[in-house]
Amino acid sequence: MGVSTAVTLSRPEDGIALVTVDRPPVNALPVQGWFDLADAVRAAGRDPGTRCVLLAAAGRGFNAGVDIKELRRTPGYGALLGVNRGCHAAFGAVYDCEVPVVAAVQGHCLGGGVGLVGNADAIVASEDATFGLPELDRGALGAATHLARLVPPHLMRTLYYTSRTVTAAELHRHGAVWEVVPREALLAAALALAGEIAAKDGYLLRLAKAAINGIDPVDVHRSYRFEQGFTFEANLSGVADRHRDAFGNGTPHPAEHTGAPGATSPTEEPS
(Lines give C-alpha, C1' and ligand atoms only; values in the text may rest on other atoms or scores of the structure.)
Protein backbone atom coordinates (compact mmCIF):
# COMPACT_ATOMS: atom_id res chain seq x y z
CA MET A 1 0.00 0.00 0.00
CA GLY A 2 1.33 3.42 -0.93
CA VAL A 3 2.23 6.17 1.48
CA SER A 4 -0.46 8.81 1.90
CA THR A 5 0.17 12.39 0.91
CA ALA A 6 -0.26 15.06 3.54
CA VAL A 7 -0.83 18.59 2.29
CA THR A 8 -1.27 20.95 5.20
CA LEU A 9 -2.23 24.60 5.36
CA SER A 10 -1.08 26.67 8.34
CA ARG A 11 -0.57 30.33 9.20
CA PRO A 12 2.83 30.88 10.81
CA GLU A 13 2.59 34.67 10.66
CA ASP A 14 0.01 37.34 9.94
CA GLY A 15 -0.81 37.46 6.24
CA ILE A 16 1.23 34.34 5.37
CA ALA A 17 -0.31 30.97 4.45
CA LEU A 18 2.12 28.04 4.60
CA VAL A 19 1.31 25.06 2.36
CA THR A 20 3.47 22.04 3.21
CA VAL A 21 3.71 18.75 1.31
CA ASP A 22 4.84 15.62 3.16
CA ARG A 23 4.92 12.31 1.31
CA PRO A 24 7.89 10.15 2.34
CA PRO A 25 10.35 9.16 1.20
CA VAL A 26 10.97 11.69 -1.60
CA ASN A 27 7.74 13.68 -2.06
CA ALA A 28 6.84 12.00 -5.35
CA LEU A 29 3.13 12.70 -5.64
CA PRO A 30 0.31 10.42 -6.82
CA VAL A 31 -2.62 11.72 -8.84
CA GLN A 32 -4.68 12.75 -5.82
CA GLY A 33 -1.69 14.44 -4.21
CA TRP A 34 -1.40 16.90 -7.09
CA PHE A 35 -5.08 17.79 -6.82
CA ASP A 36 -4.81 18.15 -3.03
CA LEU A 37 -1.89 20.52 -3.48
CA ALA A 38 -3.82 22.55 -6.05
CA ASP A 39 -6.80 22.81 -3.70
CA ALA A 40 -4.65 23.96 -0.78
CA VAL A 41 -2.88 26.68 -2.79
CA ARG A 42 -6.16 27.93 -4.24
CA ALA A 43 -7.80 28.01 -0.81
CA ALA A 44 -4.88 29.94 0.64
CA GLY A 45 -4.96 32.50 -2.15
CA ARG A 46 -8.72 33.00 -1.95
CA ASP A 47 -8.59 33.83 1.76
CA PRO A 48 -8.80 37.64 2.01
CA GLY A 49 -6.44 37.50 4.99
CA THR A 50 -3.64 36.00 2.90
CA ARG A 51 -1.10 38.34 1.37
CA CYS A 52 1.58 35.76 0.52
CA VAL A 53 1.62 31.98 0.18
CA LEU A 54 4.74 30.03 1.19
CA LEU A 55 5.05 26.63 -0.53
CA ALA A 56 7.31 24.19 1.29
CA ALA A 57 7.91 20.47 1.76
CA ALA A 58 9.01 18.21 4.59
CA GLY A 59 11.75 15.61 4.42
CA ARG A 60 14.71 14.90 2.16
CA GLY A 61 13.74 17.06 -0.76
CA PHE A 62 11.17 19.46 -2.10
CA ASN A 63 9.59 17.28 -4.80
CA ALA A 64 10.59 14.29 -6.94
CA GLY A 65 7.80 14.66 -9.47
CA VAL A 66 5.08 12.12 -10.14
CA ASP A 67 4.74 8.74 -8.45
CA ILE A 68 6.05 6.45 -11.17
CA LYS A 69 4.99 3.39 -9.18
CA GLU A 70 1.38 4.49 -9.45
CA LEU A 71 1.73 4.77 -13.23
CA ARG A 72 3.33 1.33 -13.47
CA ARG A 73 0.77 -0.49 -11.35
CA THR A 74 -2.33 1.11 -12.91
CA PRO A 75 -3.55 -0.60 -16.11
CA GLY A 76 -4.50 1.51 -19.09
CA TYR A 77 -4.02 5.25 -19.27
CA GLY A 78 -6.20 6.34 -16.35
CA ALA A 79 -3.32 7.20 -14.04
CA LEU A 80 -1.42 8.98 -16.80
CA LEU A 81 -4.43 11.12 -17.69
CA GLY A 82 -5.01 11.77 -14.01
CA VAL A 83 -1.46 12.86 -13.29
CA ASN A 84 -1.41 15.07 -16.40
CA ARG A 85 -4.53 16.82 -15.18
CA GLY A 86 -3.30 16.90 -11.59
CA CYS A 87 0.05 18.44 -12.48
CA HIS A 88 -1.65 20.97 -14.72
CA ALA A 89 -3.99 21.86 -11.84
CA ALA A 90 -1.19 22.18 -9.27
CA PHE A 91 1.14 24.20 -11.49
CA GLY A 92 -1.77 26.39 -12.53
CA ALA A 93 -2.86 26.93 -8.93
CA VAL A 94 0.59 28.29 -8.08
CA TYR A 95 0.68 30.54 -11.13
CA ASP A 96 -2.90 31.76 -10.74
CA CYS A 97 -2.75 32.16 -6.97
CA GLU A 98 -4.28 35.55 -6.19
CA VAL A 99 -1.26 36.58 -4.12
CA PRO A 100 2.48 36.04 -4.60
CA VAL A 101 3.84 32.54 -3.94
CA VAL A 102 7.29 31.98 -2.43
CA ALA A 103 8.76 28.47 -2.79
CA ALA A 104 11.16 27.15 -0.13
CA VAL A 105 13.26 24.42 -1.77
CA GLN A 106 15.59 21.91 -0.16
CA GLY A 107 17.31 18.86 -1.62
CA HIS A 108 15.92 17.54 -4.89
CA CYS A 109 13.47 19.54 -7.00
CA LEU A 110 12.79 17.36 -10.02
CA GLY A 111 10.15 17.00 -12.70
CA GLY A 112 6.93 18.26 -11.18
CA GLY A 113 8.94 20.13 -8.57
CA VAL A 114 10.34 22.31 -11.35
CA GLY A 115 6.78 22.80 -12.57
CA LEU A 116 5.81 24.17 -9.16
CA VAL A 117 8.77 26.47 -8.56
CA GLY A 118 8.87 27.61 -12.18
CA ASN A 119 5.38 29.03 -11.66
CA ALA A 120 6.13 30.53 -8.25
CA ASP A 121 6.85 34.23 -7.85
CA ALA A 122 10.06 33.81 -5.84
CA ILE A 123 12.34 30.98 -4.75
CA VAL A 124 14.48 30.62 -1.64
CA ALA A 125 16.67 27.51 -1.69
CA SER A 126 19.00 25.62 0.59
CA GLU A 127 22.63 25.11 -0.36
CA ASP A 128 21.98 21.43 -1.15
CA ALA A 129 19.06 22.11 -3.49
CA THR A 130 19.27 20.78 -7.05
CA PHE A 131 16.83 21.36 -9.90
CA GLY A 132 16.27 19.31 -13.02
CA LEU A 133 14.00 17.48 -15.43
CA PRO A 134 14.88 13.77 -15.70
CA GLU A 135 11.85 13.35 -17.95
CA LEU A 136 13.62 11.73 -20.91
CA ASP A 137 15.13 9.15 -18.56
CA ARG A 138 11.64 8.37 -17.25
CA GLY A 139 9.92 8.02 -20.61
CA ALA A 140 8.08 11.32 -20.27
CA LEU A 141 8.08 14.92 -21.43
CA GLY A 142 6.90 18.15 -19.85
CA ALA A 143 7.77 21.12 -17.62
CA ALA A 144 10.18 22.62 -20.16
CA THR A 145 7.71 25.50 -19.98
CA HIS A 146 8.63 25.99 -16.32
CA LEU A 147 12.35 25.30 -16.59
CA ALA A 148 12.45 28.02 -19.26
CA ARG A 149 11.29 30.47 -16.59
CA LEU A 150 14.36 29.63 -14.50
CA VAL A 151 17.25 29.51 -16.97
CA PRO A 152 18.18 30.95 -20.40
CA PRO A 153 16.80 29.13 -23.48
CA HIS A 154 19.90 27.24 -24.56
CA LEU A 155 20.67 26.12 -21.03
CA MET A 156 17.09 24.90 -20.69
CA ARG A 157 17.46 22.84 -23.84
CA THR A 158 20.78 21.33 -22.76
CA LEU A 159 19.45 20.45 -19.31
CA TYR A 160 16.32 18.94 -20.83
CA TYR A 161 18.12 16.81 -23.40
CA THR A 162 20.73 15.53 -20.93
CA SER A 163 18.57 15.18 -17.80
CA ARG A 164 21.30 16.99 -15.89
CA THR A 165 20.59 19.07 -12.79
CA VAL A 166 21.68 22.53 -11.70
CA THR A 167 22.38 23.73 -8.19
CA ALA A 168 20.68 26.47 -6.25
CA ALA A 169 23.87 28.53 -6.50
CA GLU A 170 23.80 28.26 -10.31
CA LEU A 171 20.16 29.35 -10.43
CA HIS A 172 21.00 32.23 -8.10
CA ARG A 173 23.60 33.40 -10.61
CA HIS A 174 20.92 33.32 -13.32
CA GLY A 175 18.60 35.37 -11.11
CA ALA A 176 15.99 32.63 -10.68
CA VAL A 177 16.66 31.96 -6.98
CA TRP A 178 16.36 34.93 -4.67
CA GLU A 179 18.55 33.60 -1.85
CA VAL A 180 20.61 30.50 -1.06
CA VAL A 181 20.97 29.60 2.62
CA PRO A 182 22.09 26.70 4.79
CA ARG A 183 19.41 24.01 5.00
CA GLU A 184 18.68 24.70 8.66
CA ALA A 185 17.99 28.35 7.84
CA LEU A 186 15.68 27.70 4.87
CA LEU A 187 12.28 28.12 6.47
CA ALA A 188 13.30 31.23 8.38
CA ALA A 189 14.74 32.84 5.24
CA ALA A 190 11.66 31.98 3.19
CA LEU A 191 9.38 33.31 5.95
CA ALA A 192 11.40 36.52 6.04
CA LEU A 193 10.88 37.09 2.31
CA ALA A 194 7.21 36.14 2.55
CA GLY A 195 6.86 38.51 5.49
CA GLU A 196 8.40 41.36 3.54
CA ILE A 197 5.86 40.76 0.76
CA ALA A 198 2.97 40.30 3.19
CA ALA A 199 3.73 43.68 4.76
CA LYS A 200 2.39 45.34 1.60
CA ASP A 201 -1.24 46.29 1.03
CA GLY A 202 -3.21 43.12 0.29
CA TYR A 203 -5.45 44.71 -2.32
CA LEU A 204 -2.49 46.16 -4.20
CA LEU A 205 -0.65 42.82 -4.03
CA ARG A 206 -3.58 41.10 -5.72
CA LEU A 207 -3.67 43.74 -8.41
CA ALA A 208 0.08 43.42 -8.88
CA LYS A 209 -0.08 39.63 -9.22
CA ALA A 210 -2.81 39.87 -11.86
CA ALA A 211 -0.94 42.61 -13.72
CA ILE A 212 2.39 40.76 -13.75
CA ASN A 213 0.76 37.53 -14.96
CA GLY A 214 -1.00 39.53 -17.63
CA ILE A 215 2.27 40.74 -19.17
CA ASP A 216 3.98 37.33 -19.26
CA PRO A 217 5.22 36.66 -22.80
CA VAL A 218 4.30 32.95 -22.65
CA ASP A 219 0.91 31.49 -21.75
CA VAL A 220 2.11 28.85 -19.28
CA HIS A 221 -1.21 26.99 -19.27
CA ARG A 222 -1.33 26.52 -23.04
CA SER A 223 2.39 25.86 -23.32
CA TYR A 224 2.38 23.10 -20.70
CA ARG A 225 -0.71 21.42 -22.14
CA PHE A 226 1.02 21.39 -25.52
CA GLU A 227 3.96 19.54 -23.93
CA GLN A 228 1.64 17.05 -22.28
CA GLY A 229 0.34 15.96 -25.66
CA PHE A 230 3.80 14.62 -26.49
CA THR A 231 3.95 12.82 -23.14
CA PHE A 232 0.78 10.97 -24.10
CA GLU A 233 2.23 10.18 -27.53
CA ALA A 234 5.28 8.66 -25.84
CA ASN A 235 2.94 6.44 -23.83
CA LEU A 236 0.95 5.37 -26.88
CA SER A 237 4.20 4.41 -28.63
CA GLY A 238 5.27 2.12 -25.78
CA VAL A 239 8.60 3.86 -25.22
CA ALA A 240 7.40 5.40 -21.95
CA ASP A 241 6.66 2.00 -20.43
CA ARG A 242 10.13 0.72 -21.31
CA HIS A 243 11.82 3.64 -19.57
CA ARG A 244 9.53 3.57 -16.52
CA ASP A 245 10.12 -0.16 -16.13
CA ALA A 246 13.87 0.31 -16.40
CA PHE A 247 13.75 3.02 -13.75
CA GLY A 248 11.49 1.02 -11.46
CA ASN A 249 13.59 -2.14 -11.77
CA GLY A 250 16.89 -0.30 -11.35
CA THR A 251 18.14 -1.52 -14.72
CA PRO A 252 20.00 0.43 -17.43
CA HIS A 253 17.96 2.58 -19.78
CA PRO A 254 16.75 0.87 -22.98
CA ALA A 255 19.39 0.56 -25.67
CA GLU A 256 17.91 3.25 -27.87
CA HIS A 257 18.40 5.85 -25.14
CA THR A 258 21.43 7.99 -25.99
CA GLY A 259 21.07 10.98 -23.65
CA ALA A 260 24.07 12.23 -21.74
CA PRO A 261 24.15 11.06 -18.12
CA GLY A 262 22.90 13.49 -15.50
CA ALA A 263 23.05 13.60 -11.74
CA THR A 264 21.36 10.73 -9.97
CA SER A 265 17.78 11.24 -8.87
CA PRO A 266 16.20 10.01 -5.66
CA THR A 267 14.22 6.82 -5.95
CA GLU A 268 11.27 5.72 -3.92
CA GLU A 269 11.61 2.76 -1.60
CA PRO A 270 9.54 -0.30 -2.51
CA SER A 271 5.90 -0.08 -1.46
**Request:** Give the ring-plane orientation class for Tyr224 versus His88, where under 30° counts as parallel, over 60° as perpendicular and anything between as tilted.
**Result:** parallel
**Message:** With a 4.5 Å cut-off on side-chain heavy atoms, are Ser163 and Glu135 touching?
**Reply:** no
**Value rounded to 0.5 Å, distance of CG in Leu55 from CG in Leu18** = 8.5 Å
**Request:** Under the side chain to side chain contact (heavy atoms under 4.5 Å, CB included) rule, what do Leu150 and His146 come out as? Steps first, then yes or no, please.
**Result:** CA-CA 7 Å; Leu150 302 175; His146 311 94; over 6 Å; no
**Asked** Counting distance only, does the side-chain N/O of Asn27 pair as donor-acceptor with the main-chain N or O of Gly61 below 3.5 Å?
**Response** yes
**Atom pair CG/OG of Leu187 and Ser126 - distance to nearest 0.5 Å** = 11.5 Å
**Request:** Step through the shown structure and confirm whether more than 12 heavy atoms of other residues, nucleotides or ligands are within 6.0 Å of CZ on Arg85.
**Result:** no
**Item:** Straight-line distance of Arg138 CZ to Leu133 CG, nearest 0.5 Å
**Value:** 11.0 Å
**Message:** Taking side chain to side chain donor-acceptor pair (under 3.5 Å) as the cut-off, I'd like each qualifying pair that reaches into residues 113-124, sequence neighbours left out, listed once.
**Reply:** Asp121-Lys209
**Asked** Where the side chain of Thr231 meets the backbone of Leu141, is there a donor-acceptor pair that is under 3.5 Å apart?
**Response** yes
**Prompt:** side chain to side chain contact (heavy atoms under 4.5 Å, CB included) between Cys109 and Thr130: does it pass, once the steps are laid out?
**Reply:** CA-CA 6 Å; Cys109 181; Thr130 55; over 6 Å; no
**Worked verdict on Val180 versus Thr167 for side chain to side chain contact (heavy atoms under 4.5 Å, CB included)** = CA-CA 10 Å; Val180 180; Thr167 66; over 6 Å; no
**Prompt:** With side chains defined as the heavy atoms from C-beta onward, is the minimum distance between Arg149 and Val220 less than 4.5 Å?
**Reply:** yes
**Message:** Suppose we screen for side chain to side chain donor-acceptor pair (under 3.5 Å). Which residues come up paired with Thr20, at least two apart in sequence or across chains?
**Reply:** none
**Request:** Treating Ile, Leu, Val, Met, Phe, Trp and Tyr as nodes and any side-chain heavy-atom pair under 4.5 angstrom as an edge, say whether Val117 and Leu191 lie in one connected cluster.
**Result:** no
**Request:** Return yes if some donor-acceptor pair links the side-chain N/O of Thr162 with the main-chain N/O of Thr158 below 3.5 Å, else return no.
**Result:** yes
**CZ-CG distance between Phe232 and Leu80, expressed to the nearest 0.5 angstrom** = 6.0 Å
**Message:** Using only atom types and a distance under 3.5 Å, with no angle test, would you say the side chain of Glu70 pairs donor to acceptor with the backbone of Asp67?
**Reply:** no
**Asked** Just wondering, do Val53 and Val102 contact through their side chains at under 4.5 Å, heavy atoms?
**Response** no
**Asked** Going through the checks in order, is the salt bridge (Lys or Arg N to Asp or Glu O under 4.0 Å) test met by Asp14 and Arg51?
**Response** CA-CA 9 Å; Asp14 180 51; Arg51 297 186 294 280; 3.0 Å; yes
**Item:** Polar side chain donor-acceptor pair, His108 to Asn63, under 3.5 angstrom
**Value:** no
**Message:** Once rounded to the nearest 0.5 Å, what's the spacing between atom CG of Leu186 and atom CZ of Phe62?
**Reply:** 10.0 Å
**Message:** Please find the pair of heavy atoms, one from Val124 and one from Ala189, that lie closest to each other, and give the distance.
**Reply:** CG1-CB, 4.0 Å
**Request:** Give the cluster check for Val177 versus Met156: same hydrophobic cluster or not, with ILVMFWY residues linked at side-chain heavy-atom distances below 4.5 Å.
**Result:** yes
**Request:** Would you kindly confirm whether Val166 and Leu147 end up in one hydrophobic cluster when ILVMFWY residues are joined by side chain heavy atoms under 4.5 Å apart?
**Result:** yes
**Prompt:** Between the side chain of Thr74 and the main-chain N/O of Leu71, is any donor-acceptor distance below 3.5 Å?
**Reply:** no
**Item:** Whether Gln228 side chain and Asn84 backbone form a donor-acceptor pair below 3.5 Å
**Value:** yes
**Asked** Is the CZ atom of Arg183 crowded by more than 12 outside heavy atoms at less than 6.0 Å?
**Response** yes
**Request:** Measure the spacing between OG of Ser237 and CZ of Phe230 and express it to the nearest 0.5 Å.
**Result:** 12.5 Å
**Request:** Determine the minimum heavy-atom distance between Ala44 and Ala17, stating which atoms define it.
**Result:** CB-CB, 3.7 Å
**Message:** Is there a path of hydrophobic side-chain contacts, each under 4.5 Å between heavy atoms of I/L/V/M/F/W/Y residues, joining Val19 to Ile123?
**Reply:** yes
**Request:** Could you check Leu116 against Trp34 for side chain to side chain contact (heavy atoms under 4.5 Å, CB included), going step by step and ending with a plain yes or no?
**Result:** CA-CA 10 Å; Leu116 294 171; Trp34 292 106; 4.0 Å; yes
**Request:** Kindly say whether Gly142 contributes a backbone atom to a donor-acceptor pair with the side chain of Tyr160 at under 3.5 angstrom?
**Result:** yes
**Prompt:** Side chain of Arg23, backbone of Leu29: donor and acceptor closer than 3.5 Å?
**Reply:** no
**Asked** Shared ILVMFWY cluster between Tyr95 and Val101, side chains joined below 4.5 angstrom?
**Response** no
Pairs under 3.5 angstrom only: tabulate donor-acceptor contacts from the side chains of residues 193-206 to other protein residues two or more places apart or in another chain.
from	atom 1	to	atom 2	distance (Å)
Asp201	OD1	Tyr203	N	2.9
Asp201	OD1	Leu204	N	3.0
Arg206	NH1	Gly45	O	2.9
Arg206	NH1	Glu98	OE1	2.8
Arg206	NH2	Gly45	O	3.3
Arg206	NH2	Asp47	O	2.8
Arg206	NH2	Thr50	O	2.9

**Request:** Give a yes-or-no answer on whether the side chains of Glu227 and Thr145 include a donor-acceptor pair shorter than 3.5 Å.
**Result:** yes
**Message:** Looking at every heavy atom in both Ala58 and Asp22, which two are closest together, and how far apart are they?
**Reply:** CB-CG, 3.7 Å
**Fill in**
Note: Ala93 and Ala38 closest approach over all heavy atoms is CB-O, 3.7 Å
